[in-house]
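Notes to accompany the following structure.
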Amino acid sequence: MPSRPALIARADSFFQISARGSTLGREVRGGFATFFAMAYILVLNPIILSGAQDAYGNQLDFQQVVTVTALVAAIMTVLMGITANLPLALAAGLGINAMVAYQIAPRMSWPDAMGLVVLEGLILCALAATGLRQKVMDAIPMALKQAIGVGIGMFIALIGFVNAGFAAPGDGTPLTLGATGELTGWPVLVFCLGLLLTLALMARGTKGAILISIVVTTVVAMIINGIADIEDGAWGLTVPTLPDDIVGTPDFGLIGQFSLFGAFGEITWITVLLITFTLFLTDFFDSMGTAVAVSGEAGLLDEKGRVPRLGRLLFVDGLAAAAGGAASASSGTSYIESAAGVGEGARTGFANLITGALFALALLFAPLAAVVPAQAASPALVAVGFLMMTQVGKIDWSDYTLAVPAFVTIAVMPFTYSITNGIGAGFVAYVVLKAATGRLREINWMLWVTAALFVVYFAIDPVQQVLGIS
């Protein structure tokens with residue numbers, strides 16, 4: 001058996017840890033940080049999926065959804081790390097799971113709905129295998145790629161503020177400070193302390209700043225929760241307290257419960273195509289934007305803004321979508337919260353081994369996975385949002401045909417709470433402005449096609465009305 005130094009040397013060589021300016025310690029810390037930043041999906045995905053009914057009144061079992069959510073995240077995150085060598089974790093996609101639960105399942109059975117997710121994932125795999133998906137990414141102008149990174153930075157910062165309760169829907173305003181126009185309650189105070197701690201540690205150049213902040217803030221939250229009088233629901237989905245049962249038995253009963261073409265017998269084929277198209281477009285560009293943003297923050301993009309091993313990344317991402325549907329966990333996708341690990345120093349797929357292992361442990365220790373409250377994990381998202389925002393200075397703001405699409409991309413993402421919407425609006429604006437200024441030759445044909453698809457995506461309701469689809 002190889003000695004420990006030999007194993008470390010092999011890992012360093014395989015994952016190019018030293019070559020990318022990282023260390024084993026940074027990769028481990030990054031893997032932990034990414035897991036803690038996205039562990040909420042172990043609670044949120046089951047709540048969304050098990051809280052909805054299909055057309056026959058059936059509901060998915062909560063504990064079974066917890067199991068498949070952790071399983072798919074563990075396997076696909078490790079696979080991404082080994083094949084693409086990128087610190088990009090995967091799990092059930094937010095937004096897509098809501099679409100499956102509240103828009104698709106009520107029209108058919110759960111197996112039929114999950115079959116459409118599998119079908120969409122297989123289409124993504126086919127496009128990745130043929131290189132078409134990579135060509136679309138390569139055709140995107142550098143300014144738009146940079147804008148995608150900045151927009152996602154603002155988006156995840158907003159997610160952090162909202163998840164922590166620092167920002168909330170206001171009375172007559174889209175958002176306001178706290179729930180009532182002011183900060184109230186201990187949980188929000190915990191978030192503020194965690195954010196200040198994170199930023200202070202980062203400013204001091206402390207190694208493990210994000211991870212240290214998450215752990216310390218979680219301990220503080222547990223202490224406060226134990227001694228203070230806190231209203232029910234104030235912490236959100238995760239209450240920072242040690243659970244009664246630390247170990248639980250995983251239930252794999254949902255695996256394989258899908259029907260690939262069953263939806264065609266439930267609704268019209270045009271409706272099936274439109275639903276699949278919407279799933280596909282959302283998955284396609286959410287993952288694309290995430291890959292560009294996380295790789296850019298890690299300093300892994302080449303001079304043309306291309307992601308390393310992009311073909312492998314895209315294929316695994318498509319496979320995760322299909323695997324999520326096959327396990328009834330909804331579509332698996334790349335997570336922007338991976339930027340938390342990058343902010344901690346992760347630069348290779350070795351960090352994914354750590355994140356994937358923690359998701360695998362969550363199969364047995366699911367109660368412990370929900371100990372970290374949003375108020376302790378959200379400061380990492382805000383801090384990483386700041387780091388990603390720094391890319392805004394690289395955009396050429398003097399050329400309106402680039403600057404306006406970049407601005408639209410950056411603004412629409414947080415304002416509509418969607419990465420896909422931001423990318424789509426930016427693409428359409430880019431094509432329109434280039435055409436309006438007579439610079440048609442600068443528009444790659446792939447962008448013409450993509451912009452046209454996004455026009456259909458944004459106008460999906462009028463399209464359905466014209467076609468007589470409810």
Side-chain angles (χ1 to χ4, degrees), residues 95 136-162 167 173-176 281-282 284-299 301 303-307 334 336 339 381-460:
V136 172
M137 292 186 70
D138 290 341
I140 302 173
M142 189 62 184
L144 279 184
K145 289 181 179 179
Q146 292 161 340
I148 289 170
V150 175
I152 289 179
M154 294 182 65
F155 177 59
I156 64 172
L158 178 60
I159 290 175
F161 284 125
V162 171
T173 61
L175 285 176
T176 187
L281 213 58
T282 301
F284 188 110
F285 288 99
D286 257 19
S287 300
M288 186 191 73
T290 299
V292 171
V294 173
S295 299
E297 181 59 29
L301 299 178
E303 65 281 357
K304 295 183 179 180
R306 292 176 298 195
V307 179
S334 301
I336 191 57
L381 301 183
V382 177
V384 171
F386 154 72
L387 294 175
M388 298 178 72
M389 183 70 183
T390 59
Q391 300 179 56
V392 73
K394 301 177 182 179
I395 299 172
D396 181 8
W397 295 102
S398 63
D399 183 350
Y400 278 23
T401 64
L402 293 175
V404 172
F407 164 75
V408 169
T409 300
I410 294 169
V412 171
M413 281 189 194
F415 291 163
T416 66
Y417 224 66
S418 169
I419 294 174
T420 300
N421 290 347
I423 294 175
F427 278 18
V428 173
Y430 177 83
V431 170
V432 169
L433 292 185
K434 287 291 185 182
T437 54
R439 298 160 68 174
L440 296 174
R441 293 184 179 181
E442 298 180 22
I443 308 174
N444 187 291
W445 71 270
M446 298 291 293
L447 293 182
W448 278 109
V449 174
T450 303
L453 291 175
F454 269 116
V455 169
V456 176
Y457 172 80
F458 288 125
I460 193 69

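Atoms considered below: every heavy atom in the structure, side chains included; atoms not considered: hydrogens, waters and symmetry mates.
Few gaps surround CZ on F454; more than 12 heavy atoms of other groups in view lie less than 6.0 Å from it. Other residues, nucleotides and ligands place more than 12 heavy atoms under 6.0 Å from the OH atom of Y417. Atom OH of Y457 has more than 12 neighbouring heavy atoms from other residues, nucleotides or ligands inside a 6.0 Å radius.
Of all non-hydrogen atoms in T173 and T176, the two that sit nearest each other are OG1-CB, 4.0 Å. Across every non-hydrogen atom of A293 and I336, the tightest pair is CB-CD1, 4.1 Å. Across all their heavy atoms, A139 and M446 have their closest contact at CB-CB, 4.1 Å. V307 and A291 get closest at one heavy-atom pair: CG2-O, 4.1 Å. In this structure, A143 and A406 approach most closely via the heavy-atom pair O-CB, 4.4 Å. Minimum heavy-atom separation, S287 to S334: OG-N, 4.1 Å.
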Please test W397 against V392 for side-chain contact (heavy atoms from CB on, under 4.5 Å), starting from the C-alpha separation and ending with a verdict. CA-CA 9 Å; W397 295 102; V392 73; 3.5 Å; yes

Tell me, with the steps shown, if L158 and L175 meet side-chain contact (heavy atoms from CB on, under 4.5 Å). CA-CA 10 Å; L158 178 60; L175 285 176; 3.7 Å; yes

Test side-chain contact (heavy atoms from CB on, under 4.5 Å) on T409 and I148 and set out the steps. CA-CA 6 Å; T409 300; I148 289 170; 4.0 Å; yes

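Residue pairs meeting the salt bridge (charged side-chain N to carboxylate O under 4.0 Å, His left out) criterion with at least one member in residues 398-414, sequence neighbours excluded: D399-R439.
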Show the atom names and distances, to 0.1 Å, of all donor-acceptor pairs under 3.5 Å that link a side chain in residues 426-436 to residues at least two apart or in another chain.
unit_1: Y430; atom_1: OH; unit_2: E442; atom_2: O; d: 3.3
unit_1: K434; atom_1: NZ; unit_2: T401; atom_2: OG1; d: 3.0
unit_1: K434; atom_1: NZ; unit_2: E442; atom_2: OE1; d: 2.5

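Between V456 and L453 the shortest side-chain heavy-atom distance does not fall below 4.5 Å. For the pair N421/F458, a side-chain contact is recorded, criterion being any heavy-atom separation below 4.5 Å from C-beta on. At least one side-chain heavy atom of I423 sits less than 4.5 Å from a side-chain heavy atom of M413.
Taking CD1 from I410 and CE from M389, the interatomic distance works out to 6.5 Å, rounded to the nearest 0.5 Å. Rounded to the nearest 0.5 Å, atoms OG1 (T450) and CH2 (W445) are 8.5 Å apart. Atom CZ of F155 is separated from atom CG of L381 by 10.5 Å, given to the nearest 0.5 angstrom.
Qualifying side chain to side chain donor-acceptor pair (under 3.5 Å) partners for T390, counting only residues two or more places apart in sequence or in other chains: none.
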